[in-house]
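Report on one structure; see the data block that follows.
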Number of protein chains: 2
Amino acid sequence: MAEFKNNYKCLECKHCFKKSPLFSLLNKSELDNLNNARTEVNFKKGEIIYKQGTPLTHIVILHTGFGKVYIEGSKGRNLILTYTKKYDLNGGVGVFMDLRHHSSLMAVTDCEACFIEINAFKSVLRSNHDFLDAYMVEFSERVLHTYQQLSILTQKNMEGRMAESILYLNDHAISNGTIKNVSKQDLAELTAMTKESVIRVLKEFKIDGLIEIVEQNINILDKKGLEQVAYYG
Amino acid sequence: MAEFKNNYKCLECKHCFKKSPLFSLLNKSELDNLNNARTEVNFKKGEIIYKQGTPLTHIVILHTGFGKVYIEGSKGRNLILTYTKKYDLNGGVGVFMDLRHHSSLMAVTDCEACFIEINAFKSVLRSNHDFLDAYMVEFSERVLHTYQQLSILTQKNMEGRMAESILYLNDHAISNGTIKNVSKQDLAELTAMTKESVIRVLKEFKIDGLIEIVEQNINILDKKGLEQVAYYG
DNA sequence: GAGGATTTATGATTTTTGTCATTGATATTA
DNA sequence: TAATATCAATGACAAAAATCATAAATCCTC
């Protein structure tokens, strides 16, 4: 990732300005502006960080822990769009549109979050074109992932969807070969099936030696095999 | 919609600069730059205007006719994301990312299209912040629609999905209360079901007096009823 | 560590939706 | 206008996945 152009010392925030690659594109005064528009908030596992439908007043960066971005569909069923990556700038589609949240963000683990006022953020986007470009790349990648999800969830069977999701979680959210902090209900909301079906499919995967489950964590035993299932499913 | 600030006279292109609201935000020299980077191309019904996977070299505006934006999923099955509206700037998610098409655009009717070179387009985006903002609003609205589709297609039954799609097509693509130029196969790719199921669901809707079908066009007879089905489905 | 809540697991059953085979209708074009 | 595609419609059947009921395991809290 990009080297930092400046050694901005963030007084109150331990992490986010020093580590987020995007912020390396900003100059001292831009960083100052964001720093002045910044608040730190801690969240406990399971707490809602922002909620679909509410006004979008801040960009949220999680510098410890991680969260899930989900949409609340009809009849109270949720659909998980993405898990956050470290230092993601979580705003969503409303940033450029109506300044409303069109998805919700929930803390999956305890989280330390950094809230940056949206107006300050947008004014930096406006003043610094490299930063805008970099932000747009991030945003577009997440949109592309949603396109892919749409295709996967509507065209693959349960086994294929589950394999895709396990591979996504492995690449993405959690550590090497072990998926932690993701409940069966979460898997259901990620794969668009019921939790009973999640359990049944995971059982198949265990029997086939693709995964093992140790203390509710999923260990990947046969990544190639999962890729096959994802491909043909 | 926005009034036009300038009466730019486009020599070769009959429509797009004069009618697209977004272009009213540009000054003479910006319009000149786009005009010089512009080509007109005609397409016949069923022809592919751009194809998923190919390099994204131009923004496409359809000033007569309309098209469908779809993703090509696994096993050759397609999924229609949106139908174009007049004067949409069709680029997609690749504009800000990797300059590749991540969806395909096909002419649903005969189309007159205007191709604008992506570099000229991006340089105008960079130079004119109001234009960028307006483009981002358009783009975000389409992304939001994809989010909503994701929720609808994974959580509603066939009847609900079909009702949502009919209402979308009615609001969107085609004329007052009559949906034209959309085949059963297209409906299948819009609702993520098979064409046989499309036919069965439409038959139900006919029996229930929600729609009638005249010469392959769908007439909406009971919009409230369709909204009910969409809501509860 | 006991009790209650939540999550996980499993089997039986029903519903939903897709597949296959066939026929009829509508266009397109030689 | 006949020939040949392509598209629409229908029914029988199969498969996929959800629902329901119930039990077991795990996690919290007192």
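Values below: every heavy atom of this structure, side chains too, minus hydrogens, waters and symmetry copies. Just so it is clear: chains get the letters A, B, ... in the order the sequence lines come, proteins before strands, and each one is counted from 1.
- Judged purely by distance below 3.5 Å, without hydrogens or angles, the side chains of Asn181(A) and Thr109(A) never pair a donor atom with an acceptor atom.
- Salt bridge Arg142(B)/Glu138(B): present, at least one basic N to carboxylate O contact under 4.0 Å.
- When rounded to the nearest whole Å, the span between CE of Met193(B) and P of dA8(D) equals 15 Å.
- Ring centers of Phe121(A) and His58(A): at least 6.0 Å apart, outside the cut-off.
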- Task: Go through the steps to decide whether Glu212(A) and Lys206(A) satisfy the test salt bridge (charged side-chain N to carboxylate O under 4.0 Å, His left out), and finish with yes or no.
- Result: CA-CA 6 Å; Glu212(A) 62 177 0; Lys206(A) 276 190 281 189; over 6 Å; no
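- For DNA chain C, the outermost nucleotides in 5' to 3' order that have an atom under 4.0 Å from a heavy atom of chain B are dT17(C) to dC20(C).
- At whole-Å resolution of the value, NZ in Lys156(A) and C1' in dA16(D) are 17 Å apart.
- Using a 4.5 Å heavy-atom cutoff, the side chains of Glu227(A) and Leu167(A) are in contact.
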Give me the distances for all protein-to-nucleotides 23-30 of chain D N/O pairs that come in under 3.5 Å?
none

- Verdict with supporting geometry, Lys51(B) and Glu72(B), salt bridge (charged side-chain N to carboxylate O under 4.0 Å, His left out): CA-CA 9 Å; Lys51(B) 164 110 180 155; Glu72(B) 304 181 20; 3.1 Å; yes
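- A 4.5 Å side-chain heavy-atom check between Leu187(B) and Met162(B) finds at least one atom pair inside the cut-off.
- If you check every strand for non-hydrogen atoms under 4.0 Å, Lys195(B) touches nothing.
- Side chain to side chain, Gln216(B) and Lys180(B) fail the donor-acceptor criterion of an N or O pair below 3.5 Å.
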